[in-house]
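Positions are given from 1 along the sequence. Bear in mind the structure is a predicted one, so any value in this text is a computation, not a measurement.
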Amino acid sequence: IVTVKNDKLREKGIKKLIGSGETDFSGSPRNRRTNISIGLNSFNGQIFSPNAIGSAGKMLGRIDETTGYKKELVIKGDETIPEYGGGLCQVSTTLYRGILFAGLPVTQRRNHSYAVSYYDPQGLDATIYPPSVDLKFRNDTPGHILIQTTTVGDKAYSNIYGTPAKRSVDLIGPYYYSYRSIPPPRVEYTKLLAPGEKKKLGDAHTGFNASWYRRIIHDDPNKKDKIEHIFSNYQARPLYTLIG
């Protein structure tokens with residue numbers, strides 16, 4: 001059990017660790033690691049009052065070269081292309097898992113278009129693309145909550161501190177089903193590349209559905225236990241190549 005000793009935090013109800021999330025970013029290139037580090041720092045130390053709505057997009061703020069972000073691959077429509085902040089979904093997914101284990105209500109979440117190996121086991125990812133795609137949650141605990149983030153080696157962690165809400169949380173899964181085969185390769189021709197030059201715009205991916213269940217068990221007999229279905233639909237994608 002991790003407890004908080006700071007008196008000012010305890011006065012706000014920030015007393016104990018109530019949830020923790022973990023992801024593994026092994027194999028990430030340098031730019032992606034830079035973006036993950038900046039994103040985690042943006043979340044670190046954020047405090048939310050009771051009933052407040054937390055937004056990953058608002059916590060991140062401006063995402064471009066002025067805030068230190070590098071260009072790295074992001075999923076954009078049918079393409080996977082470099083943009084500032086590529087890799088920030090590692091940060092939002094890490095936070096999402098902490099939110100789930102803390103039992104906090106999730107008010108907005110979207111899975112990735114296709115399954116990304118950085119987020120194994122699949123089905124507990126949260127993609128963001130501010131301001132249109134966001135991860136949002138509500139603090140339904142009796143006190144304030146505090147988010148702290150850190151990395152240990154190639155693993156990212158989000159720790160959520162607050163007042164224990166007299167409940168326990170189980171995550172049941174994953175269940176994978178409805179597999180879809182990889183479509184035939186997609187090739188497009190362009191005058192933007194030299195004749196015969198090739199540029200890969202997207203890897204091939206098998207499609208499938210993933211289901212998890214979050215069971216929230218209340219210690220208070222006046223509150224009903226709850227089972228939530230967490231559903232993710234991952235598209236099948238072809239190898240997508242551009243040729244001059």
Side-chain angles (χ1 to χ4, degrees), residues 1-25 33-63 67-69 85 87-109 124-126 128 130-131 134-171 214-223 225-226 228:
I1 297 175
V2 180
T3 58
V4 177
K5 294 184 177 180
N6 184 285
D7 290 338
K8 290 184 178 180
L9 292 178
R10 291 183 63 84
E11 288 173 2
K12 291 179 177 291
I14 301 170
K15 301 176 181 179
K16 293 184 178 180
L17 180 69
I18 62 173
S20 184
E22 174 188 329
T23 62
D24 191 326
F25 54 91
R33 290 175 181 272
T34 296
N35 295 340
I36 290 171
S37 177
I38 296 173
L40 287 173
N41 286 336
S42 298
F43 287 0
N44 193 43
Q46 296 278 354
I47 294 178
F48 297 91
S49 59
N51 293 314
I53 298 295
S55 161
K58 286 185 177 180
M59 285 189 282
L60 288 171
R62 187 168 181 170
I63 303 171
T67 47
Y69 286 102
L88 282 176
C89 293
Q90 190 86 42
V91 179
S92 56
T93 295
T94 308
L95 176 62
Y96 175 58
R97 294 179 180 184
I99 291 167
L100 288 177
F101 280 110
L104 302 175
V106 179
T107 60
Q108 184 176 338
R109 173 258 177 181
L124 295 180
D125 58 316
I128 55 172
D134 202 353
L135 168 67
K136 293 183 179 180
F137 61 94
R138 182 170 63 86
N139 175 17
D140 69 338
T141 71
H144 290 65
I145 59 173
L146 164 69
I147 297 173
Q148 285 192 338
T149 56
T150 187
T151 58
V152 179
D154 286 334
K155 291 189 176 181
Y157 296 91
S158 65
N159 297 320
I160 301 176
Y161 296 86
T163 300
K166 296 183 179 180
R167 63 191 174 199
S168 58
V169 177
D170 290 331
L171 282 179
R214 180 169 73 160
R215 181 171 62 182
I216 300 177
I217 303 171
H218 293 281
D219 295 339
D220 185 346
N222 295 318
K223 292 185 177 181
D225 296 341
K226 183 188 296 185
E228 301 169 347

Should [X] and [Y] count as side-chain neighbours, where that means a heavy-atom distance under 4.5 Å?
| X | Y | result |
| --- | --- | --- |
| Lys15 | Leu9 | no |
| Val106 | Ile99 | yes |
| Arg109 | Asp125 | yes |
| Leu104 | Thr141 | yes |
| Phe25 | Thr151 | yes |
| Asn139 | Asn51 | no |
| Phe48 | Ile53 | no |
| Leu40 | Thr150 | no |

Please check: side-chain N/O of [X] versus main-chain N/O of [Y], any donor-acceptor pairing under 3.5 Å?
| X | Y | value |
| --- | --- | --- |
| His144 | Lys12 | yes |
| Ser37 | Arg33 | no |
| Arg62 | Thr67 | no |

Phe43 atom CZ, neighbour heavy-atom count above 12 within 6.0 Å = yes
Distance-only polar pair, side chains of Thr149 and Ser158, donor-acceptor under 3.5 Å = no
Side-chain donor-acceptor pair present, Ser55, Asp134, cut-off under 3.5 Å = yes
task = Any chance you could measure Tyr69, atom OH, to Leu88, atom CG, to the nearest 0.5 Å?
result = 4.5 Å
request  = Flag the pair Tyr96 / Phe137 as yes when their ring centroid distance falls below 6.0 Å, and as no otherwise.
outcome  = no
query = Any ion pair linking Arg167 and Asp140 (charged N to carboxylate O, less than 4.0 Å)?
reply = yes
ask   = Is Lys166 salt-bridged to Asp219, cutoff N-O under 4.0 Å?
value = no
